[in-house]
Amino acid sequence: MLDKSVDYIKNIIGDFKPQIGIILGSGLGELADEYCLKSISYADIPGFEASTVSGHKGKLVFAEINNKKVVMMQGRFHYYEGHSIQKVVFPVKVMKKLGVETLIVTNAAGGVNPNFRPSDLMIITDHINYMGVNPLIGPNDDSMGTRFPDMSEIYTPEYVELVEKIGDHLGIDLQEGVYMALTGPSYETPAEVRMAKIIGADAVGMSTVPESIVAAWAGIKVIGISCICNSAAGVSTAGLSHEDVIRAANVAKDKFKTLVKEVIKKL
Ligand code: HPA
């Protein structure tokens with residue numbers, strides 16, 4: 001299926017060879033609209049499925065940003081949608097086959113760290129996989145990565161530093177921290193958020209970790225950026241809603257785009 005999918009895409013994009021992949025999280029999809037040279041609907045790509053979440057479109061978008069060739073996922077597959085974990089990470093394998101060397105993975109997240117405010121951007125330094133599943137379970141494709149891959153530096157430290165520097169230079173305040181993924185789709189309870197804090201998480205969300213594991217396995221360098229859309233349950237007294245998450249992402253989207261464009265320039 002992977003080869004079929006890659007062949008289908010290559011037939012459409014010809015000799016366009018993206019070096020950078022970007023997975024655009026909830027409310028952060030505008031970058032793809034702005035720079036789109038060519039797009040392919042997920043529904044048309046063998047091995048992909050249509051996206052079911054509002055605020056997420058379902059397109060693979062090819063673009064040139066700051067002279068770099070980029071492939072963007074406008075919308076991603078979530079485990080909570082009922083997709084198998086293999087489906088969730090399939091696009092990352094496709095990106096690898098298309099030539100992607102660096103993946104910028106983004107998401108909307110809840111802030112566990114009490115210093116975080118809605119619409120803050122957080123550079124992911126590490127993650128906790130609390131989804132109860134690992135996307136590498138099953139036969140290993142040795143041509144892509146090893147059976148027992150090292151995960152000590154998933155979020156390439158030199159790129160964490162680079163993004164920090166760029167943030168400084170642009171005057172964009174950036175937080176930094178550990179992202180913990182749960183399956184969702186229910187938001188966490190206050191007790192779960194207290195646990196997340198105790199075990200070392202700064203933010204919680206429902207994505208990113210499966211894709212980052214597969215990217216690291218396949219030798220792709222990963223940069224992770226969370227948009228902190230709300231204080232996680234119990235951290236503040238406000239209740240949680242998807243609408244509030246999208247609203248906070250909207251407030252953050254301009255600085256997010258500015259940051260990502262500058263990061264692309266420097267890669
Ligand atoms: N928890 C999990 N996922 C999220 C949250 C949250 O509080 N906000 C945005 N995505």
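Counting starts at 1 for both ligands and their atoms, following the listed order. Here, residue 1 is the first one in the sequence, and each next residue gets the next number. Note that the structure is a prediction, hence the values are computed from the model and not measured. What's counted below: heavy atoms across the whole structure, side chains too, no hydrogens, waters or symmetry copies.
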Which pairs of N or O atoms, one from ligand 1 and one from the protein, are separated by less than 3.5 Å, and what is the distance for each pair?
from: ligand 1; atom 1: 1 (N); to: E188; atom 2: OE1; distance (Å): 2.8
from: ligand 1; atom 1: 1 (N); to: E188; atom 2: OE2; distance (Å): 3.3
from: ligand 1; atom 1: 7 (O); to: N230; atom 2: ND2; distance (Å): 2.9
from: ligand 1; atom 1: 8 (N); to: G110; atom 2: N; distance (Å): 3.4
from: ligand 1; atom 1: 8 (N); to: N230; atom 2: OD1; distance (Å): 2.6
from: ligand 1; atom 1: 10 (N); to: A108; atom 2: O; distance (Å): 3.3

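Considering only residues two or more places apart in sequence or on other chains, D7 meets the side chain to side chain contact (heavy atoms under 4.5 Å, CB included) condition with none of them.
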CA sep, side-chain torsions, deciding dist, call: Y155, I223, side-chain contact (heavy atoms from CB on, under 4.5 Å): CA-CA 6 Å; Y155 304 91; I223 296 171; over 6 Å; no
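Remark: aromatic rings of F77 and H83 are close, center separation under 6.0 Å.
Under a 4.5 Å side-chain heavy-atom criterion applied to ILVMFWY residues, the cluster that includes Y130 comprises V112, I128, V178, M180, L182, V193, M195, I199, V204, V235 as well.
Both tests hold for K221 against Y159: distance to the six-membered ring centre under 6.0 Å, angle to the ring axis within 45°.
Within the structure, salt bridge (charged side-chain N to carboxylate O under 4.0 Å, His left out) contacts touching residues 207-216 (residues at least two apart or in different chains) are R76-E211.
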